[in-house]
Structure formats: structure tokens, C-alpha cells
Amino acid sequence: MVVLAKGELAQISLPAAHPPVADVPTVDLSAPAGPEREAAARALVAACEENGFFRVTGHGVPAQLARAAEAAAAAFFAWPQEEKEEAAPAVGYGSKRIGVSGDLGWIEYLLLGVTPAGGAVPVTFASSSTLPCAAAAAVGSSTSSTPAGPLRGLLEEYTVAVRRMASAVLELMAEGLGLSGGGALARLVTREDSDCMLRVNHYPPRPAAEGGGGAPSLTGFGEHTDPQIISVLRSNGTSGLEIALRGGEWAAVPPDVDAFFVNVGDTLQVLTNGRFRSVRHRVVVNSERSRVSMIFFGGPPLGERLAPLPELLGDGGRSRYREFTWAEFKNSGYKTRLAEDRLSPFEN
Ligand SMILES: C=C1C[C@]23C[C@@]1(O)CC[C@H]2[C@@]12CC[C@H](O)[C@@](C)(C(=O)O1)[C@H]2[C@@H]3C(=O)O
Ligand SMILES: O=C(O)CCC(=O)C(=O)O
Ligand SMILES: [Fe+2]
């Protein structure tokens, strides 16, 4: 349950708006080598340049696994509030507060740091630092006997499959960009020390309006860009996700339970020297049905130096961003409000 005080509810209320439906390009990851794969790579690059957002089919993630992970998370969110709070350190549970800078939403969530070997560690915010840190020692592992154990196990299994897909997306992207380094881009999210996260968001149904009449829309997850390289999202059949198109206008993303959606993140915008667009997006809650989404955030190792890839600069091309490490970017970005532009401090 998300409990908001009156002032908080007013803060996240939105004027009812029905943006047009986004025309989301589709990339088939299973396209066979040859002209079909080349076409898929071209479609992927075009989508990243246009809006920084596309749908993936032929992704290889078993539907049954995605459904089981989502159902286990939904069952957890249905627990009594006190029990969820009790389990919070073991599963990274949070509600209504997003980050540490005062952002609120009609949301509850699980946030886990995830490793390629399948480990998942709840993300907490240390009081001494704004960098999220692992709380593993305090909570045990997914095999522990906490009631959240089976949920953790399913989320871990799901993350292994989605990371594999994220890596395949980045390999296809490298082909489309004509990068010579083989799987270098993909390795940024598959290394042992890659800094990746899994987030499961639950947006309860929009509350009924007091005294009848039309209920207002609410901010579920306020507008923002994702800081990582790519984010890979799956949701249940409830709408709510919106993306900002090139011109700044909002467009609604129709849910698709069989596909995944990929966001270009801030780091990929940097690596491509601004050729790919880190997509601004948000979740608006205006449904009588709850929305559950699971998002894998593919981030590089903390010490990784990030700068536009030389091959994408061209001869004498100007680098739009100075070099920085992922730890530096995260430290700076995690102090910001959700809607802020986190890249401007790193522009040349
Ligand atoms: C307000 C914030 C929440 C966030 C960290 C930040 O300071 C700015 C980026 C936010 C975001 C968006 C994408 C992911 O959901 C997330 C986990 C991330 O890496 O950056 C969240 C952060 C969060 O919820 O802690
Ligand atoms: O829940 C969603 O559908 C999107 C949430 C999101 O953008 C995020 O968690 O960064
Ligand atoms: Fe996001």
C-alpha cells in the first residue's frame, strides 16, 4: 500500500491528459545472420537516434519465467504493510520515496544490485554517502529462510536471462554502429564487477476521488532519464509508461506483455557522443488496475572510464563530454532530483 499525507497527494496529482500513442519501433533479436540481422541492427540504431526507445521481440527470455517472477513480486506487494517493512532490508523494499532528494510517487518497489552470477543484493542508501550500497551481510542470501527467499531466487533467475538479452542488444548495437571492438559494449554490462540493478515497481490502482467524480491522475514515477547504459523493461498489461519524443511532447507506450522495451540511458548518450538519445520517461497512474514493471538497469563497473567512443567521433570530431568514471557520475547523479539533467556537469 502507498500511504500519502494530503500535502503529498497534492504534490503528485497531475491534470488529466491523454497523450497520443507512441509509435514504438520493433527490433527482432532473433533475426538470422545476413540481410535480416543487418536490417535489425539498422532499425535499432535508427530508434536510438530518434527517441532512444524501442521494443524487442525474439528476445529468448522464457515467458513462464517472466510471469513467475512478476507473480511472486505481486504476491509480495500484497502482503500487509508491516510485514513488507519488516522484509525491506532483505528485498530492497521502498514505498512512495524515490531516491534521497525528496521525489515522491504513487509507487512501491524492490531495488536490488545484481551480479552476472545471479546474485542479488538489496540496495540501501548509506547515511554517510548518497551512493547506494549493498546490505548483503545483514540480510543473508536468497537461500535463507526468510519469506522473501523464493521471490529473491526467481528475481535472480529472471535477471540472468534479461542480462543475457541486454548483452545481445548491445552486440547488435555495436554491429549497427560498425564498432570494431567485438563485444566491448556488451561486456560493460556482463563483467563480474558491472554495476547493474533490478527494480520491480508496483503502482497500485488510482485511488477513487473523494466525494465521487473523476479521480485525478497521479505521478507514479516522475519524469527522468536513466543514468545507466541501457534499461530493459517488462510490464504487465497495465498502461502508464510515457516517453518524451524528440520535440518534447509526451506519448503513451502501449503495454506489451510478450515484449521488452529498451531505454537508451545517459551513459550510452555519452558513449555515442550524443548520437543516441537518453530518453526522458515517466509513469502516470490513471488506471483502476495495478501496474507491475520489472526493469534491468545495465551499468558499467564503478571504475570504468566513460567518454565518447573514438570510433564515433570521426576525424577531428569534438567530444561533447569530458571523461569521467561511472562512480563519479553516480555520486553526482544520485544527489539530484529525479527530473534533473544529470549530464550537464560533464559537458565540454
Ligand atoms: C532521484 C533519484 C532516484 C534515482 C537516483 C536519483 O537521484 C536520480 C536517478 C534515479 C534513478 C532512475 C533510474 C533507476 O530507477 C534508478 C535506480 C537509478 O539508477 O537512477 C533511480 C534512482 C533511485 O531510485 O534510487
Ligand atoms: O515502472 C516503469 O514502468 C518505469 C519505471 C522507471 O522508469 C524506472 O524505474 O526508472
Ligand atoms: Fe526510468
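Ligands are counted one by one from 1 in listed order, and the atoms in each one are counted from 1 as well.
Between Gly333 and ligand 1, a contact under 3.5 Å exists for at least one N or O pair. Between Thr336 and ligand 1, at least one pair of N/O atoms sits closer than 3.5 Å. Every N/O-N/O distance between His224 and ligand 1 stays at or above 3.5 Å. Residue contacts with ligand 1: Arg199 is placed with a nitrogen or oxygen under 3.5 Å of a nitrogen or oxygen of the ligand (distance criterion only).
Using a 4.0 Å cutoff on heavy atoms, Ser101 does not count as a contact of ligand 1. Under the 4.0 angstrom criterion for non-hydrogen atoms, Glu340 is not in contact with ligand 1. Distances shorter than 4.0 angstrom do not occur between any heavy atom of Tyr109 and any atom of ligand 1.
Across Tyr321, Phe329, Trp326, a single residue satisfies ring-ring contact (aromatic ring centres under 6.0 Å, His included) together with Phe346, and that is Phe329. When the options Arg342, Arg337, Arg282, Glu340 are evaluated for a side chain to side chain contact (heavy atoms under 4.5 Å, CB included) with His224, the one that passes is Arg342.
Between Phe76 and Tyr93, the ring center distance clears the sub-6.0 Å criterion.
Ring geometry for His59 versus Phe260: interplanar angle over 60°, hence perpendicular rather than tilted (30 to 60°).
The part of Ile295 lying near ligand 2 is the side chain, judged by heavy-atom distances below 4.0 Å. Under 4.0 angstrom from ligand 2, there are no non-hydrogen atoms of Tyr109.
In this model, a donor atom of one side chain and an acceptor atom of the other lie less than 3.5 Å apart for His281 and Asp226.
The ligand atoms of ligand 2 that sit less than 4.0 angstrom from a heavy atom of Arg291 are 2 (C), 3 (O). The Phe221 neighbourhood of ligand 2 comprises atoms 5 (C), 8 (C), 9 (O), 10 (O), with distances under 4.0 Å to a heavy atom of that residue.
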